[in-house]
2 protein chains.
Amino acid sequence: MARVKNESVRQAILTSAASQIAMTSYMDTTVAKIAKGAGIAPSNVYVYFESKLQIYFTIYTPWFEAQVLALERAVARLKTPERKIQRLVGGLLNDIADDKTGYTSALMEGLAIVMPKDKYKPDLLHWAENKIVQIVCNAIEGAKPEDPRLRAFAHLLMLTFDGVAMRVKSQRAANESTANRSDVEEALVGMLIGGR
Amino acid sequence: MARVKNESVRQAILTSAASQIAMTSYMDTTVAKIAKGAGIAPSNVYVYFESKLQIYFTIYTPWFEAQVLALERAVARLKTPERKIQRLVGGLLNDIADDKTGYTSALMEGLAIVMPKDKYKPDLLHWAENKIVQIVCNAIEGAKPEDPRLRAFAHLLMLTFDGVAMRVKSQRAANESTANRSDVEEALVGMLIGGR
DNA sequence: TTTCATAAAAGAACGTCATTCGTTATAGCA
DNA sequence: TGCTATAACGAATGACGTTCTTTTATGAAA
C-alpha cells in the first residue's frame, strides 16, 4: 500500500539507546540523544516504539535472558553441587545485578518510575525465578521443583537481586565502595547446601 | 537583624509533602502541589529545603527510624527466640517495606533517581543493619554482634527489604497481587533458628 | 517612631524532557 | 504516472524542578 517501516531504523534506535544507557544511565539517556545517535528526528522514534521505557525493555529483556542462560551453562560445567550453587548465586548478584554495562542499574530506574499506562508485566521476574529453580534441580541430586523451600530460595534470591541492583545505583551515586557481598552469598548458598 | 524563617512554614511544607506522597507517590508529588498544600508559592519552598528529594528524606528518615524502634519493642515483648526473629523479619518486610503510607515505596523512586549532586548518604541503611544485629543479639542467647554470619543475615535482610519495596512498587503498577512472601520469611528465619 | 538592612515571599522565567501535532516527502501499488 | 498510506521531520506542547528578579515583611538600631 504505502511506505513501510525500515527494520534498520528500528535497529539503529536500539543500538543507539543501548550504548547511551551503558555510557550513562536511563535518566541521562534522552530520546533526543537516542535519535541523534540513530540519525533520525526525535519524533520519528515514536513511529517505532510507544515510549522511552519500551525501548529500554526491548533492550533489557533479551540481554537479561542471555545472561541467565550463559550462567546456566557455566553452572552446568562445574562438578560439585556446592560449586554450582555458589556460581549461581555469585553470577546473579555480581555479574548480572552489578553488571559492567549498567543495564540492570538502569532497570531499577525504569521500574521505579513505572506507571500503570506503561503496562509493565513482571513476566521476566517469573521466568527468572523458574529458571533458578530449574538450575538448582539440575545441580542438586533429588531436588524437586515443587519443594516450597526451593521456591522460597528462588524468590529470595531474586528479591536480593533487586536489592543489590538498587544498592549499586545509590552507592555509585554516593561514590561508595561495594560492601562485602560475599558473606551474603555464603548465607544464601548455605540455605541449600546444608553445611554450617 | 532581619526577617526570620518561620518554623510553621517549614512544618507546613513537610506535612503537605507527606500527605501528598502517602496519597499518590513521589513522582506524582510535585513541588507545586506541595507548595499549594502548604499555602505558599513554589519558589518559597527552596528557602527551606534545597531540593524536592531533601524534603522527602526529611520525612522518611524519622518515620523509618520510628518504625524500626517500634518493631524492636514489639520483638522484645515476645518470649521465644523463634517468635522474636519471625516478628523481626515479618515486621521489616510486611509492615515497613510494604507499608500502607507508601513511604518506602517512594524511597525506591527517590533512590532510583539519586544523582551525585543530591549528596545521598546511606547512613540510614547502616543504622538499620546495625539495629538488626542488635535486635537479634537480644533475641538469641549467645549471639555475638561480630559474628559474620549475623552481619550477613542483617545485610541480606536489608537487601531483601529493598527488593520487596521495589517489587511492591511495580506490582502495584501492574495491579498484581502480593506474591506469597511467607516462604521467604520462613527461609530467612531458618538462617538463624537452626530448625527446618 | 522612623529608618534601614536583611531575608522571606511571590511571581515570572528558564531549561530540560518526553511526547504530540501538523506538514512534507516517499515507498509501494493500481 | 498518479494515488495513498505513512515514515519522517520540525515545531509545538505541557510538565516540572529550579533559579532569577522583584516585592514585602521583619526586627534591630537610631
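Residue Val45(A) is out of contact with every strand shown, counting any heavy-atom pair closer than 4.0 Å. Within the 4.0 angstrom heavy-atom criterion, only backbone atoms of the sugar-phosphate kind lie near Thr30(B); the bases stay farther away. In this structure, Tyr48(B) reaches the sugar-phosphate backbone alone: every heavy-atom distance under 4.0 Å involves primed, P, OP1 or OP2 atoms, never a base.
Distance, Lys52(A) NZ to dT16(C) P: 15 Å, rounded to whole Å. Per the geometry, NZ belonging to Lys33(A) stands 14 Å off C1' belonging to dG15(C), to the nearest Å. Following rounding to the nearest Å, Glu50(A) (CD) and dA18(C) (C1') show an atom-to-atom distance of 14 Å. Rounded to whole angstrom, the span from the CZ atom of Phe49(B) across to the P atom of dA8(C) amounts to 13 Å. The interatomic distance linking Lys36(A) (NZ) with dT16(C) (P) rounds to 13 Å, in whole Å. If you take CD of Gln54(A) and P of dA18(C), they are 15 Å apart, rounded to a whole angstrom. Taking atom CZ of residue Arg3(A) and atom C1' of nucleotide dG2(D), one finds them 18 Å apart after rounding to whole Å. As rounded to whole Å, 9 Å separates atom P of dA8(D) from atom NZ of Lys5(A).
Side chain Ser43(B) to base dA10(C): a donor-acceptor pair is found below 3.5 Å.
A donor-acceptor pair under 3.5 Å is absent between the side-chain atoms of Ser16(A) and the main chain of Ala12(A), judged by distance alone.
Between Ile40(A) and Val4(B), the one whose closest nucleotide on DNA chain D sits nearer the 5' end is Ile40(A).
Applying the 4.0 Å criterion to OP1 and OP2 of dA9(C), one finds that Tyr46(B) has every side-chain N and O outside that range. When the side-chain nitrogen and oxygen atoms of Asn44(A) are compared with OP1 and OP2 of dC9(D), one or more of them lie within a distance under 4.0 Å.
Distance from the side chain of Ala2(B) is smallest to dT26(D) among dC9(D), dT26(D), dA18(C).
Salt bridge Asp98(A)/Arg181(A): present, at least one basic N to carboxylate O contact under 4.0 Å. For Arg167(B) and Asp162(A), the salt-bridge test passes: some basic side-chain N is under 4.0 Å from an acidic carboxylate O. By the 4.0 Å N-to-carboxylate-O rule, Asp95(A) lies close enough to Arg87(A) to be salt-bridged with it.
Here the side chains of Tyr48(A) and Ile55(A) are not in contact, with every heavy-atom distance at 4.5 Å or above.
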